[in-house]
Participant: 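I'd like to ask you about the structure that follows.
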Amino acid sequence: MLKDKITGSKALMRALQAEGVKTIFGYPGGSIMPVYDALFDYTRGEKKCFDHILVRHEQGATHAAEGYARVSGKVGVALVTSGPGVTNTLTGIADAMLDSTPIVVIAGQVPISALGTDAFQEVDLVGVSQPISKWSYQIRRAEDVAWAVSRAFYIARTGRPGPVVLDFAKNAQVEEIEYNPQKVDFVRSYVPYPKLEKEAVCQAAELINNAKKPLALVGQGVELGNAQNELKAFLEKADIPAGRTMLGLSALPSNHPLNVGMLGMHGNYAVNLKEQECDVLIAIGMRFSDRVTGNLKTYAKQAKIIHLDIDRSEIDKNVKTDVAVVADCKESLPAITALLKENHHQEWRDSFKPLDEQERVKVIEPAIHPKEGPLLMGEVVNTVAEQAPDDAILVTDVGQNQLFATRYFKYHHKRSICTSGGLGTMGYGMPAAIGATFAAPERTVCCFMGDGGFQMCIEELGTIMEQKAPVKMIVMNNHYLGNVRQWQDMFWLRRKSFTKMMNPDYSHIAQGYGIPYAVVTDRKDLAAAVEKMLVSDGPFILECAIKEEDNVLPMTPPGMDVDKMMLEI
């Protein structure tokens, strides 16, 4: 019996259904119109199986897909047209690649017969996206749709996750085929989950058992591997203090007794100094970013290095390891834990406390409890963190807002942070927060932005308005590109070259989009304004007038030794 024939566009709908897709972030255009016509029937009525979120810019679609993926643990999906539509997604694709975020970007393309003719809105998508994606593929025939989609999702979500790009030629969208479901669970030469080597596990356990001053560095790989419980069991059995990378902040609760703070250039003082004192350093699902290590020539030279990572290419890339455990940390952590002795490192852990106290007195208390002067970013973040629910999700843009927010927010649950780490993408915050609200509609989403980043994707207020997405937006307005301004003051003789911002009246912008708004200029009004924002239904914009020259501290100057942190300027 012959099957009914369907178009490649309808085949795409069925393939996305098969992958469990529920939410699509997109923007239509000429070369993807057949797909959008097919999508019409799948977003309404009895046949409805997708929510399509119309963004206001294609970059916003990819960041929203990233936010959705980071919070849900599922693959985010973006759907756009060819030419400028898909080139607008390249920043989001690169961002997802550097931060190991699983998204699939599906883009229209001119018909195969028109390729190479400089047809209207033609661009070599595979060529430009290959270096910044896990896989990039052009669908030229409708019969390849089911296979390509299944393969795309398999690659995006397995192993070290990342972005995949499908370039969907228009002729393949309209061709008719008999649809045959496909399930890809193997790709030759692609080994997403390396086999755990028992010898490496034994070597790692032996080093840890003999360590006097062990220190763990926890990265996002723990979150990506859903190994938060395995991490706690590992740390608690061997009594190992743990620092967290920015992307790994919610892998271990803020109030866990073994949490010793955030790593990196603007991380916590004690953990950064102790990296230069520990005798065994255990890196778990992190890549030794330059923002964590500082000067590699002097980084942790006294320590034996154990590196747990799913991606073999990260081993010895930046820091030479003594033992490499290449596997999913969901598997490697319990394997090592089983060989560990119950241990106690109280004296080592206590040695962090005087350094923590120095930071508290010199940096933290003045930042979150200032006695006079203009509002500070630290106190705004701290006030929100104290009032927000325990399961609140932090989303940030990039710049000082990101550094203050990640330092002073509180993390109690897994998958509670969305921020652009590797690429440092201004404009990421608002669309990522939209995606987060669709991933976890029951959780409060707090999005911190500077006045610069807020304006980079300000058009996504239209998406928030239309979807009534309950994003709590905190705009920390200091009329500067604050992070660049801080570096200019510190390293460029205070020559503030084009970092001063002339900003619009945000109250009028909020009014135009019909979004509730409040402004705080005096700290006596801050707590009440934050409470009003958090208890309100739907979206809210809270503008805070921040001290113009508020600085993020501590800080390790770029290229300096990691323990040369500055507590004051």
Side-chain angles (χ1 to χ4, degrees), residues 55-57 59-60 62-64 66-67 88 91-92 94-95 246 265-266 291 374-378 380-381 384 394-409 418-434 446-464 471-492 494-510 512-513 515 517 519-521 541-553 555 558:
V55 296
R56 297 309 189 260
H57 190 281
Q59 181 178 341
T62 51
H63 293 327
E66 286 186 275
N88 283 342
T91 297
D95 191 276
M246 183 180 287
M265 179 179 281
H266 291 287
R291 288 297 175 99
L375 277 173
L376 302 180
M377 292 191 195
V380 172
V381 175
V384 175
L394 170 69
V395 183
T396 83
D397 208 83
V398 166
Q400 286 184 316
N401 67 91
Q402 175 188 40
L403 303 171
F404 276 109
T406 52
R407 276 182 58 83
Y408 295 119
F409 206 73
C418 294
T419 192
S420 174
L423 199 63
T425 305
M426 287 181 68
Y428 170 94
M430 195 190 306
I434 294 169
C446 298
C447 180
F448 289 86
M449 296 172 279
D451 41 316
F454 181 53
Q455 293 180 76
M456 278 217 171
C457 278
I458 199 169
E459 72 283 344
E460 296 306 331
L461 288 172
T463 307
I464 290 174
V471 181
K472 310 306 181 186
M473 293 166 274
I474 303 98
V475 181
M476 299 197 285
N477 186 0
N478 58 9
H479 294 277
Y480 269 104
L481 298 174
N483 210 38
V484 184
R485 190 275 311 153
Q486 179 173 335
W487 282 44
Q488 287 174 336
D489 281 353
M490 293 177 68
F491 310 121
W492 295 93
R494 302 185 67 85
R495 289 158 57 88
K496 297 180 179 64
S497 181
F498 299 101
T499 45
K500 182 77 172 176
M501 298 277 288
M502 177 182 285
N503 293 324
D505 186 329
Y506 293 125
S507 67
H508 293 326
I509 291 173
Y513 284 102
I515 297 174
Y517 163 90
V519 61
V520 177
T521 59
I541 298 174
L542 177 63
E543 180 184 357
C544 298
I546 300 296
K547 178 182 177 181
E548 285 195 349
E549 297 190 355
D550 196 3
N551 292 318
V552 189
L553 291 167
M555 181 179 184

Participant: Is the number of heavy atoms from other residues, nucleotides or ligands within 6.0 Å of NZ (K496) greater than 12?
Facilitator: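 Yes, because the 6.0 Å sphere around NZ of K496 holds more than 12 heavy atoms from other groups.
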Participant: Working to the nearest 0.5 Å, report the span between SG of C544 and CE of M377.
Facilitator: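 The CE atom of M377 is 10.0 Å from SG of C544, to the nearest 0.5 Å.
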Participant: Can you confirm whether I541 sits close enough to Y513 that some side-chain heavy atom of one is under 4.5 Å from a side-chain heavy atom of the other?
Facilitator: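 They are not in contact (no side-chain heavy atoms under 4.5 Å apart), so the answer is no.
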Participant: Would you compute the distance between atom CG of N477 and atom CD of E543 and round it to the nearest 0.5 angstrom?
Facilitator: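 Taking CG in N477 and CD in E543, the distance rounds to 5.0 Å.
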Participant: Could you measure the distance from the NE2 atom of H57 to the CE atom of M456? Nearest 0.5 Å is fine.
Facilitator: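 The distance works out to 11.5 Å.
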Participant: When rounded to the nearest 0.5 angstrom, what distance separates CG in L375 from NZ in K547?
Facilitator: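 NZ of K547 is found 12.0 Å from CG of L375.
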Participant: Is any side-chain heavy atom of I474 closer than 4.5 Å to one of M476?
Facilitator: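 Answer yes - side chains close enough.
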Participant: Let me confirm one number: the CG-NE2 distance from L403 to H266, rounded to the nearest 0.5 Å.
Facilitator: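 L403 atom CG to H266 atom NE2 measures 5.0 Å (nearest 0.5 Å).
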Participant: For M246 and R291: C-alpha separation, side-chain torsions, deciding distance, then whether side-chain contact (heavy atoms from CB on, under 4.5 Å) applies.
Facilitator: CA-CA 10 Å; M246 183 180 287; R291 288 297 175 99; over 6 Å; no
Participant: Under a 4.0 Å N-O cut-off, is there an ion pair linking E548 with K500?
Facilitator: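 The answer is yes: the pair qualifies as a salt bridge.
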Participant: Report yes if some heavy atom in the side chain of V384 is under 4.5 Å from a heavy atom in the side chain of F448; otherwise report no.
Facilitator: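 With C-beta onward as the side chain, the pair touches.
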Participant: As an exercise, state the distance from CD of E460 to CD1 of I464, rounded to the nearest 0.5 Å.
Facilitator: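 E460 CD to I464 CD1: 8.0 Å, rounded to 0.5 Å.
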Participant: Do the non-hydrogen side-chain atoms of I515 and M473 ever get within less than 4.5 Å of each other?
Facilitator: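 Contact flag for I515/M473 side chains = yes.
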Participant: Given M430, which partner from the list V395, T463, L461 fulfils the side chain to side chain contact (heavy atoms under 4.5 Å, CB included) test?
Facilitator: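 Considering V395, T463, L461, a side chain to side chain contact (heavy atoms under 4.5 Å, CB included) with M430 is found only for L461.
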Participant: Give a yes or no on whether F491 atom CZ has more than 12 heavy-atom contacts from other residues, nucleotides or ligands under 6.0 Å away.
Facilitator: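 Above 12, so yes.
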